[in-house]
Each structure stands twice: as C-alpha cells, then as structure tokens.
Amino acid sequence: MEMEDGEQGGWGSKAWDFLSTVRSVSPLIQCITNFVSMDLTANTLLSAGASPAMLHSSIESPDFTPHVHALYINVGTLSENWLPAMKVAAQLASKFNKPWVLDPVAASASGFRLKACLELISLKPSVIRGNASEIIALANVSFGSSSTKGVDSSHESTDAVEAAKSLASSSGAVVAVSGAVDFITNGNRVVGVRNGVPMMQKITATGCAVTALIAAFVAIDPSHALEATASALAVFGVAGEIGMETAGGPASLRMHLIDSLHGLDQTAVISRVKIVTV
Ligand SMILES: Nc1ncnc2c1ncn2[C@@H]1O[C@H](COP(=O)(O)OP(=O)(O)O)[C@@H](O)[C@H]1O
Ligand SMILES: Cc1ncsc1CCOP(=O)(O)O
Ligand SMILES: [Mg+2]
C-alpha cells in the first residue's frame, strides 16, 4: 500500500530546504567520474548551486579530500589506473567524516568492474545510486548476466526494490534505484519519487549527474541521507519536467534541464515534488 507523504510542510518543503541550503552553502564536491559525464555532472552541480571539482589523482587527494563537503565516485570509464585513486579518496573521506556517494555504472559488465564496485562498497559509501540492473547485480553479486546491456538498465526500477533493500542492509548505505519511479531505501524504510520524464534516459549521463546532485544534498545533512537522496532525485526530476515543456528532444532537454535546475523556485518545488512512502 502506498501512502501520500507530500502534504504541506512535508517532502516538498524538505526538498526545497535542501536545494536552498545547497545554494547558500555551495558545498564543494570532489568528483571522480567518467569521461562521458564530466561536463553534465559539473554543470548540474553548478546550476544547483554546488561547487564541483573533478580531481581524481591519488597524489592530490590527501591534500584535497579532507577539505571537501562530499566525495562522488563513479566507475563509468573504470580502468586499472583509476581504481586505486578511487579507493584512496574513499578512505580519506571516511577518515575525515565526509560523506561519499557511489555510482556503480554497468556494475555487472565485467568481473573486474563488479569486484571494484564491491571493494568500494566495503569502504562505506553513504549512498549508492544505480539503475535497476546495476542494483540487482550488486545485490546478487552476478556479472555477465544475459540481462545486462552495459550502462543502460534492462529492468524496471520496481523489479529492484527488494535488491535495493538487501544491498542497503548488507552495506549500511542508503540505496537508490532510478527509473520511472525512483526508489530510495535504508533497508527498512522505502520511499518512491515520481518525478522526471522518460526522455531523461535519452541523454547520456543523467544518471551520473543526479548521483552527483545526491552527493551535494547529502553534504548538507549527512545524518539524513535518505531524505537528502529522495530530495535530490525529486528536484532533478522536476527540473526535467519543466525542461521538457520547452525541449524538442534530448539535446535541447539537456540544456533546458540545466536552465530549469538553476531557476527552480520554492513554489515549483513544493507544488511539483512527488515523494511517497512505499
Ligand atoms: N521512465 C522515466 N520516467 C521519468 N524519469 C526517468 C525515467 N527513467 C529515468 N528517469 C530519470 O532519469 C534519471 C537517470 O536515471 P536512469 O536512466 O535510471 O539512470 P542511468 O542513466 O544511470 O541508467 C533519473 O533522474 C531518473 O529519475
Ligand atoms: C555511455 C557511458 N559509457 C561509460 S560511462 C557512460 C555514461 C553513463 O551515464 P549514465 O549511467 O548516467 O547513463
Ligand atoms: Mg548510470
């Protein structure tokens, strides 16, 4: 059974509080992300009011990571050279009590990638956000399954809710599965976000970008990672909905989504955010 949870003073206000605090604090987010997503990720963080920094060298992280508000790690274009740097940054984040967020892009595409994701998860991310196929693969620890299509999901997010709960319980992280409905869980509680438009799947790196936005929201209140994650997904979805009103296709939606995220006001957020307790 689903229960509406979005009355005045509820999720819409919460999401607005997160967004307006991101705008006033401008949290510094270290991003170790894939080559495809760097531009959209940095522009998404900037348009939301956060401050992105794409620093990925393990030589720099000991100086830099202790001073960030949050760390974002994405394995999209993983190589054997990058993995040690990701681990160094994750360990530093934990040591200095900075939240860090993982995007396990195409987790099941190879044994190397799956093992890397599991090793990163053992370094205690605050949040893991993936699509349904990625979360199912991580929960079942399986790679090369016939259902995987690389970075895109071949499952619906509703198929991955139990996998997300199990991964959250085993890892201690908040787990988010994106899709037509985004589901966010800490292993016990599950909330669903019904914002966004299907065309967002036709822009590469929207998943990567929203995971970075989650890092910015979690930076604001690390002790409420579930609320921060749901709010970030809803706000990004609302920006997509407003962007779609003037977009002609994926390329212009990309531009309008960034513009909408930058221009979102309290009325739009409170009236459009659709978060429900599942
Ligand atoms: N069918 C859909 N309807 C509305 N929003 C969607 C839909 N599919 C994906 N989204 C949104 O697009 C963004 C990227 O999600 P997704 O495509 O699942 O991630 P990935 O790119 O990692 O596979 C998320 O904000 C998600 O909510
Ligand atoms: C196409 C591609 N290949 C490696 S990473 C990447 C981007 C994936 O982005 P997203 O997971 O947000 O669709
Ligand atoms: Mg992805």
Side-chain angles (χ1 to χ4, degrees), residues 15 31-45 47-48 56 72-79 82 86 101-110 112-113 116-117 127-138 147-161 163-164 175-184 191-217 229-245 247 250 253-254 256-258 260-261 272-276:
C31 304
I32 305 182
T33 189
N34 67 75
F35 301 113
V36 184
S37 72
M38 285 180 184
D39 179 276
L40 183 62
T41 294
N43 277 305
T44 296
L45 286 170
S47 60
H56 55 255
Y72 168 42
I73 294 179
N74 176 307
V75 299
T77 48
L78 189 63
S79 73
W82 278 49
M86 291 174 177
V101 176
L102 176 67
D103 190 324
V105 179
S108 63
S110 71
F112 168 65
R113 191 175 283 247
C117 288
V127 182
I128 304 165
R129 191 296 312 169
N131 63 39
S133 296
E134 291 157 351
I135 298 303
I136 289 169
L138 288 173
S147 55
T148 188
K149 272 180 29 187
V151 305
D152 296 323
S153 187
S154 23
H155 297 84
E156 300 297 325
S157 54
T158 44
D159 300 338
V161 175
V175 174
V177 189
S178 57
V181 181
D182 306 311
F183 293 99
I184 303 95
V191 298
V193 177
R194 295 185 180 280
N195 293 109
V197 291
M199 186 72 81
M200 288 162 75
Q201 287 173 285
K202 296 295 176 194
I203 309 168
T204 193
T206 46
C208 308
V210 78
T211 313
L213 191 63
I214 289 168
F217 278 40
T229 302
S231 297
L233 282 156
V235 162
F236 193 71
V238 168
E241 291 166 12
I242 297 172
M244 199 63 219
E245 288 167 8
L253 177 57
R254 185 183 193 280
H256 288 300
L257 191 158
I258 294 170
S260 305
L261 185 54
R272 283 177 174 262
V273 159
K274 289 191 206 127
I275 303 180
V276 293

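In listed order, ligands and their atoms are each counted from 1.
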For Val151, state whether at least one heavy atom is located under 4.0 Å from any atom of ligand 1.
yes

Only residue of Asp182, Val210, Val193, Asn195 satisfying side chain to side chain contact (heavy atoms under 4.5 Å, CB included) with Phe236 is Val210

Which ligand 1 atoms are under 4.0 Å away from a heavy-atom of Ser178?
15 (O), 16 (P), 18 (O), 19 (O)

Please determine, by modelled atom types, if Thr211 and Asp103 share a side-chain donor-acceptor pair under 3.5 angstrom.
yes

Please determine if Asp152 and Lys202 form a salt bridge, counting it only when a charged side-chain N lies under 4.0 Å from a carboxylate O.
no

A student checking ligand 1 against Val197 at a 4.0 Å heavy-atom cut-off should list atoms 3 (N), 4 (C), 5 (N), 6 (C)

Under a 3.5 Å threshold, I'd like every N/O contact between ligand 2 and protein atoms, with atom names and distance.
unit_1: ligand 2; atom_1: 9 (O); unit_2: Ala205; atom_2: N; d: 3.4
unit_1: ligand 2; atom_1: 12 (O); unit_2: Ala205; atom_2: N; d: 3.4
unit_1: ligand 2; atom_1: 12 (O); unit_2: Gly207; atom_2: N; d: 2.9
unit_1: ligand 2; atom_1: 12 (O); unit_2: Cys208; atom_2: N; d: 2.9

Locate the shortest heavy-atom distance separating Ile203 from Leu40; write the atom from each residue and the value.
CG2-CD2, 4.5 Å

What atoms of ligand 1 come closer than 4.0 angstrom to any heavy atom of Asp182?
26 (C), 27 (O)

Closest candidate by heavy atom, reference atom 11 (C) of ligand 1, pool Gln201, Met244, Met200, Arg194:
Met200

Considering all heavy atoms of both residues, which atom of Thr41 and which atom of Ala212 are nearest to each other, and what is their separation?
CG2-CB, 3.5 Å

Criterion side chain to side chain contact (heavy atoms under 4.5 Å, CB included) on Leu253 and Met244, from CA distance to verdict
CA-CA 6 Å; Leu253 177 57; Met244 199 63 219; 3.9 Å; yes

Nearest non-hydrogen contact to atom 14 (C) of ligand 1 from the set Thr206, Val210, Val193 belongs to Thr206

If I apply the N/O under 3.5 Å rule, does Arg129 come out as touching ligand 1?
yes

For ligand 1, which is the ligand I care about here, please tell me if Asp152 has any N or O atom under 3.5 Å from one of the ligand's N or O atoms.
no

Atom indices of ligand 1 within 4.0 angstrom of Gly207 heavy atoms, with elements:
14 (C), 19 (O), 20 (P), 21 (O), 22 (O)

Donor-acceptor check, side chain of Arg113 to backbone of Val75, threshold 3.5 angstrom: yes or no?
yes

Tell me: protein heavy atom nearest atom 23 (O) of ligand 1, and distance?
Asn131 ND2, 2.9 Å

Let me confirm one number: the CD-CE distance from Glu241 to Met200, rounded to the nearest 0.5 Å.
8.5 Å

Parallel, tilted or perpendicular, as decided by the 30° and 60° cut-offs, for the rings of His56 and Trp82:
parallel

Can you find an N or O of Ser153 that's nearer than 3.5 Å to an N or O of ligand 1?
no

Among protein heavy atoms, which lies nearest atom 10 (N) of ligand 1, and at what distance?
Gly179 O, 3.6 Å

Looking only at side chains, do Thr229 and Arg129 share a donor and an acceptor under 3.5 Å apart?
no

Pull out every atom of ligand 1 sitting under 4.0 Å from any heavy atom of Gly196, numbered as shown with elements.
4 (C), 5 (N)

Side chain Ser133, main chain Ser154, donor-acceptor under 3.5 Å
yes

Examine distances only and state if a side-chain atom of Asp159 and a backbone atom of His155 form a donor-acceptor pair shorter than 3.5 Å.
no

Is the count of non-hydrogen atoms from other residues, nucleotides or ligands lying under 6.0 Å from Glu156 atom CD greater than 12?
no

Nearest heavy atom to atom 2 (C) of ligand 1, choosing from Ser157, Ala180, Ala132, belongs to Ala180

Within the structure, does Glu134 bring an N/O atom to less than 3.5 angstrom of an N/O atom in ligand 1?
no

So is Gly237 touching ligand 1 or not, going by heavy atoms under 4.0 Å?
no

Atoms of ligand 1 under 4.0 Å from any heavy atom of Phe236, numbered from 1 in the order shown, are 25 (O)

With rounding to the nearest 0.5 angstrom, report the CG to OG distance, Asn34 to Ser79.
12.0 Å

